[in-house]
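Just so you know, these numbers come straight off a predicted model, no measurement behind them. Start at 1 and go down the list; that is how both ligands and their atoms are numbered.
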Amino acid sequence: MKKLINSLIVLALVGTAISCSNSESGGKSNKGALASSAAEKVYVAPGEHDEFYAFMSGGYSGNLTVYGLPSGRMFKEIPVFSQFPTSGYGYSEETKPMLNTSFGFVPWDDAHHPDISQTNGELDGRWIFINGNNTPRIARISLTTFETEEIIEVPNSAGNHSSSFITENTEYVVAGTRFSVPIPQKDMPIKDYKSNFKGSLSFISVDPEHGHMDIKFQLMMPGFNYDLSHPGRDKSHGWFFFTTYNTEEANSLLEVNASQNDKDFIAAVNWKKIEEYVNNGGGTMMPANYAHNVYDESTHTATTTMKKEVLTVDPLKVPGAVYFLPTPKSPHGCDVDPSGQYIIGNGKLSADLTVHSFDKMIAAIEAEKFDGEAYGIPILKFEDVLAGTVKSGGLGPLHTEFDGKGNAYTTFFISSEVVKWKLGTWEVIDRKPTYYSVGHLMIPGGNSRKPFGKYVVAMNKITKDRYLPVGPEMEHSAQIYDISGEKMELIYDFPTHGEPHYAAGCPAELLKNNAKKIYRLDENKHPYAITSPDQAKVERKGNEVHIYMSTIRSHFTPDNIEGVKVGDKVYFHITNHEQDFDVPHGFSMIGQNSSELLIMPGQTKTNTWEPKKVGVWPFYCTDFCSALHQEMQGYIRVSPADSDIELSWSLGED
Ligand code: K7E
Ligand code: CUA
């Protein structure tokens, strides 16, 4: 045991050493790996637009960032699972419900794997989904407003990591648990994990018209760790593949104890079969408690519904629905090529990649050639499903993407490189170093039937000397390689925000003409909206004061309010009466226990303030909206709790 620990530590240290010693960068005498023509390939002239959008997960920022490719320019950070003072998301009364869970208000998560909706296996640009890893949730973001519209909590899950991947007509967004747990949760000794804990794989249906999510069923699998997943596509459409590790079912010191088995599994799930079973009344309804948060664009308001049950499916009750494909060395990434034929398991403690064949898998199932079973689930023979092995010579393979021209690209964390290899012959065509310790990589559409194989973006865990130092922590780095030729060419290197695990990209054409410019005032159904500034008013209901406020360049209506008292709770319901693209107004109040708000044209948002001190207190617009932005301000007079000053408000009067 000691020996194994030591050798793992050595492996890890060697990895770090390799990843830092293959540096070609950092020194002033060195231009890095760049050829002089590289600059032209990424240069997007001022005023010109990028060719691709790239949506990068924010990892521990909980958010999603939007970049342009090839320029590497960041356009927006979209708040998803984390409160975001830049816009007031998670602070405004309207958006707070988005962060409700069965654990209460959870204003943060760890976002890993964005995936764009598809139709017939091709990106359709309607929505992008992303998983919250820590408090299991799946979010749906609109690709017209670029705002989070829906978040569903996933019960019976823990470490929602093999998520959020989309089937090829967006029938389902799939979420798998990383940690197995007692289901239902209960108080029990941890050491009794083995054969008592379960791993749930959730199939969340997506309504084709509005995108609304609902958990269709949860498959209750053996207590392994379900690491990553991908849908079958084209010929394998109807199946879903999940890598597992810790098939040892260890509950302590997993770095050693979960590395005992030479092979873990890829679980192949025939979801069409289970869907049919469920549609015919199969499955067991189980009590559960989870939040479903939906943002309504017409009321500009989110609501939370607590759901009370979930349909569970025991895989043994649906013969022919689940099989295990033995896959070496604690596989991490689980990727399916554009034709749907090849399923690639990246054994992270291995140098080789294992490629399974979908056709061979089906043949082996039909011939019932099994190699035993695990908890009643048939295990296929490794040799019977193996399509080939890529002898890459790299170390620590993690993730694979495809260019649509018959090539695959795999990242190697330990040896810090991207390796290009050929599907079908398994020969390595090219390899290029990354700086440093690469995790995922992304080709726009690389997770669909139709990749746009012009660039690959590598997302690196360690930045070290790539940019000017900014203290002990550097932003992670992304690197763009031109993959239009036989050999990859590193052309650009740019910092990212948070930890971008995965990314999803698409041609700019798919989205740019649909991006929303304003919210129409005549469609604003917010209960506290006012349709014009002359409807502005202030109302008292007990100790609540509701201010119906308007913004338009460059004043608030009203801008003087009196009669508020210490102990009141003041609601600012602010409607932005602008109807021009890109003219938000901001709002902030001195001493508020919240953030500012940024209110889009035609939108209504609500901020609260509980005045604690007598005085005359200012508020102002936080977004430089016009030449007279600094004039966009107002005062609230706060009197003692027992004052009899009447509520009054004004604009432009003495
Ligand atoms: Cu490899 Cu969450 Cu996809 Cu990170 S995971 S790298
Ligand atoms: Cu409105 Cu500044």
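- Angle subtended at atom 1 (Cu) of ligand 2 by H585 ND1 and C625 SG: 100°, rounded to 10 degrees.
- Contact atoms of ligand 1 toward G439: 6 (S) (distance under 4.0 Å to a heavy atom of the residue).
- Residue H399 has at least one heavy-atom neighbour below 4.0 Å for each of these atoms of ligand 1: 1 (Cu), 3 (Cu), 5 (S), 6 (S).
- Using a 4.0 Å cut-off between charged side-chain N and carboxylate O, E417 and R431 make a salt bridge.
- Inspection of the T463 and H476 side chains reveals no N or O donor paired with an N or O acceptor under 3.5 Å.
- At least one N/O/S atom of C621, from backbone or side chain, sits under 2.8 Å from atom 1 (Cu) of ligand 2.
- A salt bridge is defined here as a Lys NZ or Arg NE, NH1 or NH2 lying under 4.0 Å from an Asp or Glu carboxylate O, and K76 with E147 meets this definition.
- Considering only heavy atoms from C-beta on, C621 comes within 4.5 Å of H585 through its side chain.
- With atom 2 (Cu) of ligand 1 as vertex, H113 NE2 and H161 NE2 subtend 110°, rounded to 10°.
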(request) Apply side-chain hydrogen bond (donor to acceptor under 3.5 Å, both in side chains) to E401 and Y502, showing your working. (result) CA-CA 11 Å; E401 289 262 300; Y502 193 31; 2.4 Å; yes
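- Within a 6.0 Å sphere centred on CZ of F103, heavy atoms belonging to other residues, nucleotides or ligands number 12 at most.
- Evaluated by nearest non-hydrogen atom to atom 3 (Cu) of ligand 1, the leading choice among H440, H501, E499 is H440.
- When distances to atom 1 (Cu) of ligand 2 are checked against a cut-off of 2.8 Å, T622 contributes no N, O or S atom below that limit.
- Note on ligand 1: K461 sits in its first shell, one or more heavy atoms being nearer than 4.0 Å.
- Residue contact check: H332 has heavy atoms under 4.0 Å from atoms 1 (Cu), 5 (S) of ligand 1.
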